[in-house]
Student: 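Would you mind keeping the following structure in view while I ask a few things?
Both backbone and side-chain heavy atoms feed into the values below; hydrogens, waters and symmetry mates do not.
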Amino acid sequence: MSKQTTTNTNINTPKAPEPRYRNWGLVLYPESAPSNWEEILIEEGVPFAYILHDKDQYVDENGEIKLKKAHYQIIMKYKNQKTKAQMADLTKRKLKVSSPAPIPLGSLEASARDLLHLDQRSPLQHKYDLSEVQVILGLDFQYLIRPTKTEQNAIMRDIRHIIREHEINEISDLWDFLDEINPFYSMVLDDKTYAISSYINSCRHKPKKRRDVTKVS
């Protein structure tokens, strides 16, 4: 009689560890979130930034443009990595909201830019201003949304045009001017001070073209 081999199906195989992430995104609706939701996140000790998206639109099933439901969009940067279960504890037990669930963020920089819809090309997605973002517990939001290399090059060309157009002769005057018109231009100036100062000096010492006032007979 031949022996039959059996396979032990009772061997316990270890479960794969639950993925952990440091950066998380959260959406809260004003009518369902607790009034002290900001304080709850502060108690978590997590640096975060948020904005109220209340100007976005969408096209409904009838082809009509409607205003999207207002919501807070939040990005959080934890010191220690968190699992989905831990984040669910935050939303369901502390914030007492069940949906939408927190989502892990692959790129905090891309998520920060999305708060302002910087890279959105759809006219239905409103471009929000930097001043509308609330930054809590020291999240370096401006660093996260710093201009890309391509944007920096375009801004540098525009800054040189501003210098020529307004005949700016001092870097301090340019700083004051850019601080007023666009914070992203100020960021580029902060990084490119030497190059811009050299350009201003070059313009200052460059002889101006004399206008030809000779009448044509």
Student: Does atom CD (Glu180) have a neighbourhood of more than 12 heavy atoms from anything else shown, all under 6.0 Å?
Tutor: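 No, not enclosed.
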Student: State plainly whether one hydrophobic cluster holds both Leu90 and Leu108, where clusters connect Ile, Leu, Val, Met, Phe, Trp and Tyr through side-chain heavy atoms under 4.5 angstrom apart.
Tutor: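 They do not share one cluster, since no chain of ILVMFWY contacts under 4.5 Å joins Leu90 to Leu108.
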Student: Between Arg113 and Glu151, is there a side-chain N and carboxylate O pair less than 4.0 Å apart?
Tutor: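 Looking at Glu151 together with Arg113, the answer is yes, because their closest N to O distance falls below 4.0 Å.
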Student: Compute whether any side-chain donor of one residue and acceptor of the other, for Tyr185 and Asp190, lie under 3.5 angstrom apart.
Tutor: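 Result is no, nothing qualifies.
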Student: Can you establish whether the number of heavy atoms outside Lys84 located under 6.0 Å from its atom NZ is more than 12?
Tutor: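 Check fails, neighbour count at 12 or below.
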Student: Could you tell me the separation between the CG atom of Leu95 and the CD1 atom of Ile40, rounded to the nearest 0.5 Å?
Tutor: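 Reported to 0.5 Å precision, the distance equals 5.0 Å.
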Student: Looking at Lys94 and Glu44, is there a salt bridge between them, counting it only when a charged N and a carboxylate O are closer than 4.0 Å?
Tutor: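 Counted as a salt bridge, because a side-chain N and a carboxylate O are separated by less than 4.0 Å.
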Student: If you look at every heavy atom in Asp56 and His126, which pair is closest and at what distance?
Tutor: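 Asp56 and His126 have their closest heavy atoms at OD1-N, 3.1 Å.
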Student: Go through Val46 and Leu137 one step at a time and tell me if the side-chain contact (heavy atoms from CB on, under 4.5 Å) criterion holds.
Tutor: CA-CA 7 Å; Val46 54; Leu137 296 181; 5.7 Å; no
Student: Please examine the side chains of Pro147 and Ile155, heavy atoms only from C-beta on, and report whether any two atoms are closer than 4.5 Å.
Tutor: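 Result yes, sub-4.5 Å side-chain heavy-atom pair found.
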Student: Under 3.5 Å, is there a donor-acceptor pair between the Tyr78 and Arg20 side chains?
Tutor: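 There is no such pair between these side chains.
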Student: Ignoring hydrogens and geometry, is there a side-chain-to-backbone donor-acceptor pair from His53 to Leu115 under 3.5 Å?
Tutor: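 Yes, the answer is positive, given that a donor and an acceptor are paired below the 3.5 Å cut-off.
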Student: Got a second to check how far Asn23's CG is from Ile103's CD1, nearest 0.5 Å?
Tutor: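 Answer for the CG-CD1 pair, Asn23 versus Ile103, is 11.5 Å.
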Student: Tell me whether Leu124 is reachable from Leu67 by hopping between hydrophobic residues (I, L, V, M, F, W, Y) whose side-chain heavy atoms are closer than 4.5 Å.
Tutor: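 Cluster IDs for Leu67 and Leu124 differ.
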Student: Could you tell me whether the side chain of Asp60 and the main chain of Asn62 form a donor-acceptor pair under 3.5 Å?
Tutor: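 Such a contact is found between Asp60 side chain and Asn62 backbone.
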Student: Could you state the interatomic distance from CG (Asp173) to CG (Asn169), rounded to the nearest 0.5 Å?
Tutor: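 Asp173 atom CG to Asn169 atom CG measures 8.0 Å (nearest 0.5 Å).
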Student: First locate atom CG of Asn80, then atom CD of Gln86, and finally report the distance between them rounded to the nearest 0.5 Å.
Tutor: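 Here the rounded value is 9.0 Å.
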Student: Looking at side-chain heavy atoms only, is the closest gap between Asn153 and Arg157 below 4.5 Å?
Tutor: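 Asn153 vs Arg157: side chains touch.
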Student: Would you say that more than 12 heavy atoms from the other residues, nucleotides or ligands in this model lie under 6.0 Å from the NZ of Lys127, or not?
Tutor: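 Buried by this count: over 12 neighbours within 6.0 Å.
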Student: Does the pair Asp129 and Leu116 meet the rule for a side-chain contact (heavy atoms from CB on, under 4.5 Å), with working shown?
Tutor: CA-CA 7 Å; Asp129 191 80; Leu116 300 175; over 6 Å; no
Student: Taking atom types as modelled and ignoring hydrogens, do the side chains of Asp191 and Gln152 form a donor-acceptor contact shorter than 3.5 angstrom?
Tutor: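 There is no such pair between these side chains.
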Student: With the side chain counted from C-beta on, respond yes when Thr91 and Ser98 share a heavy-atom pair under 4.5 Å apart, and no when they do not.
Tutor: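 They are not in side-chain contact.
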Student: Can you tell if the side chain of Trp24 reaches within under 4.5 Å of the side chain of Lys82, non-hydrogen atoms only?
Tutor: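 The answer is yes; the side chains approach within 4.5 Å.
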Student: Measure from NZ or CZ of Lys69 to the centre of the six-membered ring of Tyr29, then state whether that distance is under 6.0 Å and the direction lies within 45° of the axis.
Tutor: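 Positive - Lys69 is close enough to the ring of Tyr29 and near enough to its axis.
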Student: With heavy-atom distances below 4.5 Å as the criterion, would you say the side chains of Gln57 and Lys66 are in contact?
Tutor: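 Not in contact.
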Student: So do Ile74 and Val27 actually touch side chain to side chain, heavy atoms under 4.5 Å?
Tutor: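 No. Closest side-chain heavy atoms not under 4.5 Å.
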Student: What closest approach, in Å, do Ala49 and Phe141 show between heavy atoms, and which atom pair accounts for it?
Tutor: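 Smallest interatomic distance, heavy atoms only, reads CB-CD1, 3.9 Å.
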Student: Do Ser197 side-chain atoms and Thr193 backbone N/O form a donor-acceptor pair below 3.5 Å?
Tutor: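 Judged by distance alone, yes, a pair lies under 3.5 Å.
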Student: Enter the distance from Glu109:CD to Thr148:OG1 here, rounded to the nearest 0.5 Å.
Tutor: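 Nearest 0.5 Å value for the CD-OG1 distance: 12.5 Å.
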Student: So Ile196 and Leu174, do their side chains get closer than 4.5 Å, heavy atoms only?
Tutor: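 Yes, at least one pair of side-chain atoms sits under 4.5 Å.
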Student: Show the nearest heavy-atom pair for residues Pro30 and His71, with the distance to one decimal.
Tutor: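 Where Pro30 meets His71 most closely, the heavy atoms are CD-CA, 4.0 Å.
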Student: Does one hydrophobic cluster hold both Tyr72 and Ile75, with members joined at side-chain heavy-atom distances below 4.5 Å?
Tutor: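 Each belongs to a different hydrophobic cluster.
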Student: Test side-chain contact (heavy atoms from CB on, under 4.5 Å) on Asp114 and His117 and set out the steps.
Tutor: CA-CA 4 Å; Asp114 189 54; His117 291 163; 3.8 Å; yes
Student: Working to the nearest 0.5 Å, report the span between CG of Asn201 and CD1 of Ile171.
Tutor: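 So the CG of Asn201 and the CD1 of Ile171 are separated by 8.5 Å.
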Student: Is there a side-chain contact (heavy atoms from CB on, under 4.5 Å) between Phe184 and Gln142? Walk through the geometry before answering.
Tutor: CA-CA 9 Å; Phe184 294 106; Gln142 288 203 11; over 6 Å; no
Student: Side-chain contact test, heavy atoms from C-beta onward, threshold under 4.5 Å: evaluate it for Phe48 versus Ile42 and give yes or no.
Tutor: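 They are in side-chain contact.
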Student: Would you find more than 12 non-hydrogen atoms of other residues, nucleotides or ligands less than 6.0 Å from Lys77 atom NZ?
Tutor: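 At most 12 heavy atoms, drawn from other residues, nucleotides or ligands, come within 6.0 Å of this atom.
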Student: Met76 and Val133: same hydrophobic cluster, using ILVMFWY side-chain contacts below 4.5 Å?
Tutor: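 No; Val133 is not reachable from Met76 via cluster members.
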Student: Identify the heavy atoms of Met156 and Ala195 that sit nearest to each other, and give their distance.
Tutor: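 Closest approach of Met156 to Ala195, heavy atoms only: CE-CB, 4.2 Å.
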Student: Got a salt bridge between Glu167 and Arg204, using NZ or NE/NH1/NH2 to carboxylate O under 4.0 Å?
Tutor: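 Looking at Glu167 and Arg204, the cut-off is not met.
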Student: Determine whether Tyr128 and Ile145 fall in the same hydrophobic cluster, where Ile, Leu, Val, Met, Phe, Trp and Tyr are linked whenever their side-chain heavy atoms lie under 4.5 Å apart.
Tutor: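 Looking at the clustering, Ile145 is in the same group as Tyr128.
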Student: Show the nearest heavy-atom pair for residues Ala112 and Leu144, with the distance to one decimal.
Tutor: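 Closest approach of Ala112 to Leu144: CB-CB, 3.7 Å.
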Student: Please name the pair of heavy atoms, one in Ile162 and one in Phe177, separated by the smallest distance, quoted to 0.1 Å.
Tutor: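 So the two residues come closest at CG2-CE2, 3.6 Å.
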